[in-house]
Amino acid sequence: KDSVQPDPVSASRNVSSPLDENVIIRAVKLNKYFGEKHVLKDIDFEVRKAEVVALIGPSGSGKSTLIRCLNALEQATSGEIYIHGEKLDPFLSVKQLSPIRRELGMVFQNFNLFPHMTVLQNVIEAPLLVRKLSKDQAVALGEQLLTKVGLFEKRDIYPSRLSGGQKQRVAIARALAMQPRALLFDEPTSALDPELVGEVLKVMKDLAYEGSTMVVVTHEMQFARDVSDRVVFMDDGSIVEQGDPEELFRKPQHRRTQAFLERVL
Ligand code: ADP
Ligand code: MG
């Protein structure tokens, strides 16, 4: 039965606009309903290679839902999503989706580390299973990434013995281990004690300066202002305003953006 159907991944290439190698994420007229509730409203969103996009907005505005749709953790009700030119079609099987999903690394508010695995095992699990690296290659990669996030010496301990900031740095190393085209962060510092926020932001800042492509949902306005290339303000399921961080923070064009910034700055 499979053999008579066109491969949806390659078939979709023909109908999409010519592949622009520099567009990593493209969402077109995305809508999402939870029951009657209209949570994403005609969202057009694009992220280019090496861009750092800060996604800001009030709680409940749809930020998490947007990035969860991009990563196929949620299914949009309508609209189109392309990850590096590959269309995320609703009719793709989990197996067909998985190589596309792998293009995006996800970092969550609550770390989501595997508690029964050491720090190093957390980082090398997916490269071993999914990328089929040899044990030696995976360990070398894991150690390199743990060094990068400043946690090489924690490689053999279990997550329960780490601080929140350390856990999140492991989660970042784990996301990087899959060599994604872009990293999606959903409030990566919101669950942290204030004194631990800085060490995570520092790692993210380093990644940004190295040219990583990043979408960061954040309440850290200073980070958005200093590190991002573009700030996107969402409210009530819509992108209300977006642009250069300096300009958007200095003179927001929309009343809703102004009101939000007045509350958080
Ligand atoms: P944000 O991340 O900006 O705080 P969310 O994307 O989490 O916003 O939520 C947007 C809206 O969608 C909220 O009203 C929220 O209650 C609703 N929502 C989110 N996830 C679900 C779900 N799984 N089922 C029903 N409603 C949801
Ligand atoms: Mg959220």
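These figures come from a predicted structure and were not determined experimentally. Remember, it's 1-based here, ligands and their atoms both numbered in the order they're listed.
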Side-chain ion pair, E80 and K29, N-O less than 4.0 Å: no
Side-chain H-bond candidate by donor/acceptor type, R131 with Q137, under 3.5 Å: no
Geometric class of the F233/F260 ring pair [parallel <30°, tilted 30-60°, perpendicular >60°]: tilted
Lys/Arg-Asp/Glu bridge criterion (N-O < 4.0 Å) met for K49, E21: no
R174 to F114, cation-pi by 6.0 Å centre distance and 45° axis angle: yes
Charged tip of K205 within 45° of Y209 ring normal and under 6.0 Å: no
R48 bridged to E46 by N-O distance under 4.0 Å: yes
For ligand 1, the residues whose heavy atoms come within less than 4.0 Å (ordered by chain, then number): F34, K37, V39, P58, S59, G60, S61, G62, K63, S64, T65
Salt bridge present between R225 and E220 (N-O < 4.0 angstrom): no
Test: R26 and D20 ion pair at under 4.0 Å: no
For the Mg ion (ligand 2): protein N/O/S atoms at distances below 2.8 Å: 1
